[in-house]
Amino acid sequence: MGVFSFPFYDTVIYTYLINTSVVQKLYTLFPSFVGNEFVLQVKLMVSLVWYLFRNFIFPLIGLFLIIFNLYKDDYKKGLDTIVNAARILTILCIAYSVIEVSWLWSGSDYLASILVTINNSLYDPVVQSGWWPPELWPGQLRSLALEPSYFSMIAVFLAPLLGIHYVSDKNKFDIVLAFLLISMIFLTKARTGVVVYLFELVAFIVLSLMFRYKSWWKLCLFIIGLSVLSYSFVIVGDSVASPLIRASISEINTVDETSKAVSVEKALDNYIDSNVKSVSNASSRSNSARFGNTVAMFKVGLDYPLFGVGRGLHSNYMVDRFPDFAKDSGEVKQWTEDVLRKGFLAFEYPVLNEFAAILAWFGVIGELLFITPILYILYKTYRIRRHIQNPTLVYLLVAFFGQIVCFMSNEFILAYPTLVGILICYIKFYENSNI
């Protein structure tokens, strides 16, 4: 119903709809419908319903139902399938990023040309706002994803699954993969990934304390040590290896030892300030735009608390709802200009907080439905806690909680419904075996 009560129709929106292929064909069959606003609104409603199903309902609910129905009677088979797929994806990302890190640390034009060739075969560059996604992303690792934060969201999902494979198979190659993957998370320098990974690390320790499976403290120490080693590798690589490689390429071979030591110290401080501490600072990096976007979307949800405004219709409602601290942000101004000039069908404000978006789209009812699986999994996990004798559930919960934290900065990715599906299968198995 949000389509028919939408108060922001204008010539930009109607012109966009009139020029769609479906409306053009409809006008050929029924010329009297030309310019009929009701017909255009029906077309918009049908498109948005399809958009809702394709981009939200099927990925969120459909994928969960597929996983649950496939593996509800054999969670081990489902878990093995998901873990092995995660392992393969990790290897592919690492293979690509060997070239990427070499380019980041050397600045080699030859390596840059290889990355550009690969990237152009993976996606269309510079298709949004005149720059995104760029062919290359200087200073930050993004691997096979469109931007560093996207990859970091995938990586914090993959890392716990590598842990599951290691504790079940004791394959030392998993340690190498985990070391490289964690290093890649730190190399993204994306606050989403870095903060979520640190959260996952703390969550793993806390959950291990709660479940107290065999040798839990040894595994916690091992993961902490591996994380410290990965972080050290990144800092030394950025502050020592990279300057040496660039100097070698430039045929400048004199590097002062003292400056190297200082640069490592500065690199440590700069990394923490830029990628961890900056999260809580509204003026750091793109925080003002991100926080402003979230506040504006929450305000829209509070303005329409029962059912929301409908998915895909939030942008025009948000234009005048940004808080004062975000109004002067260049990013917010660019978003607003694109929304007003191109129309919300061609460009919409990005979703930077899933909970705010759900409230704006579907109201309080939608929000409650969205968090129901989260509460269900928490409750059921608590019920079976005494029957768990290995760290598998801990790893799954860490990955699950990590994706929930990712909701604070982006929309859900397919990792979330995948984890919901396999977690419920896992819980059902232990419930049935301990009746």
Side-chain angles (χ1 to χ4, degrees), residues 56-86 153 156-165 167-168 196 199-216 219-220 223 354-355 358-359 362 364-408 412-435:
F56 187 82
I57 293 176
F58 179 76
L60 182 62
I61 302 175
L63 182 57
F64 156 71
L65 291 175
I66 290 171
I67 291 173
F68 180 75
N69 280 286
L70 283 175
Y71 304 119
K72 62 184 177 182
D73 298 321
D74 189 357
Y75 90 89
K76 292 182 180 179
K77 180 180 179 181
L79 186 60
D80 287 344
T81 300
I82 292 169
V83 167
N84 287 328
M153 291 172 63
V156 296
F157 161 68
L158 298 175
L161 299 186
L162 288 179
I164 293 175
H165 193 271
V167 296
S168 64
V196 172
F199 166 82
E200 288 187 342
L201 194 59
V202 173
F204 185 86
I205 296 169
V206 172
L207 289 171
S208 295
L209 277 167
M210 291 174 57
F211 287 93
R212 292 183 178 274
Y213 49 85
K214 184 179 179 181
S215 301
W216 64 270
L219 189 56
C220 287
I223 292 173
E354 187 70 84
F355 295 111
I358 296 294
L359 184 65
F362 309 120
V364 174
I365 295 174
E367 194 79 71
L368 291 174
L369 290 173
F370 183 71
I371 66 173
T372 295
I374 299 173
L375 298 177
Y376 176 84
I377 287 172
L378 290 176
Y379 172 70
K380 289 295 186 177
T381 299
Y382 179 78
R383 290 285 303 273
I384 66 168
R385 69 191 186 283
R386 294 180 181 177
H387 305 296
I388 305 303
Q389 304 297 325
N390 63 71
T392 298
L393 180 59
V394 173
Y395 276 119
L396 285 174
L397 288 174
V398 165
F400 178 66
F401 292 150
Q403 289 305 304
I404 293 173
V405 176
C406 286
F407 291 167
M408 305 300 179
F412 76 87
I413 60 174
L414 296 180
Y416 175 70
T418 300
L419 287 166
V420 172
I422 200 63
L423 267 168
I424 292 180
C425 291
Y426 189 99
I427 290 168
K428 288 292 184 184
F429 171 82
Y430 275 94
E431 280 187 329
N432 295 334
S433 61
N434 290 283
I435 294 177

Could you tell me whether the side chain of [Y] reaches within less than 4.5 Å of the side chain of [X], counting heavy atoms only?
X: Leu419; Y: Phe157; answer: yes
X: Phe58; Y: Ile66; answer: yes
X: Tyr71; Y: Leu79; answer: no
X: Ile424; Y: Tyr376; answer: yes
X: Leu209; Y: Trp216; answer: yes

Reported [atom1]-to-[atom2] distance for the pair [X] and [Y], which is rounded to 0.5 angstrom:
X: Phe429; Y: Ile384; atom1: CZ; atom2: CD1; value: 10.0 Å
X: Tyr426; Y: Tyr430; atom1: OH; atom2: OH; value: 3.5 Å
X: Phe64; Y: Asn69; atom1: CZ; atom2: CG; value: 8.5 Å
X: Leu423; Y: Ile374; atom1: CG; atom2: CD1; value: 11.5 Å
X: Glu367; Y: Thr372; atom1: CD; atom2: OG1; value: 10.5 Å

With sequence neighbours excluded, what pairs up with Phe56 under the ring pair (Phe, Tyr, Trp, His ring centres under 6.0 Å) test?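 Once residues adjacent in sequence are excluded, the partners of Phe56 under the ring pair (Phe, Tyr, Trp, His ring centres under 6.0 Å) criterion are Phe362, Phe412.
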Val167 and Leu219: which non-hydrogen atoms are nearest, and at how many Å?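 Taking Val167 first and Leu219 second, the nearest heavy atoms are CG1-CD2, 4.2 Å.
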Aromatic contact, Tyr416 with Phe407 (centres under 6.0 Å):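 Distance test on ring centres: under 6.0 Å, yes.
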Run the side-chain donor-acceptor check on residues 391-404: report pairs under 3.5 Å with partners two or more places apart or on a different chain.
| unit_1 | atom_1 | unit_2 | atom_2 | d |
| --- | --- | --- | --- | --- |
| Thr392 | OG1 | Asn390 | OD1 | 3.0 |
| Gln403 | NE2 | Met153 | O | 3.1 |

Pairs satisfying salt bridge (charged side-chain N to carboxylate O under 4.0 Å, His left out), at least one member in residues 370-394, at least two apart: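 Output for this query lists Lys380-Glu431.
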Salt bridge (charged side-chain N to carboxylate O under 4.0 Å, His left out): which pairs involve residues 68-77, sequence neighbours left out?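 Non-adjacent pairs meeting salt bridge (charged side-chain N to carboxylate O under 4.0 Å, His left out): zero.
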Contact list for residues 202-213, test side chain to side chain donor-acceptor pair (under 3.5 Å), sequence neighbours left out: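 As it turns out, the side chain to side chain donor-acceptor pair (under 3.5 Å) pairs with a partner in residues 202-213, which skip direct neighbours, are Ser208-Tyr213.
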Assess whether side chain to side chain contact (heavy atoms under 4.5 Å, CB included) is satisfied between Phe68 and Ile422, documenting all intermediate values. CA-CA 7 Å; Phe68 180 75; Ile422 200 63; over 6 Å; no
Set of side chain to side chain contact (heavy atoms under 4.5 Å, CB included) partners for [X], sequence neighbours left out:
X: Val206; answer: Val202, Met210
X: Asn84; answer: Asp80, His165
X: Leu63; answer: Ile67, Leu414, Pro417, Thr418

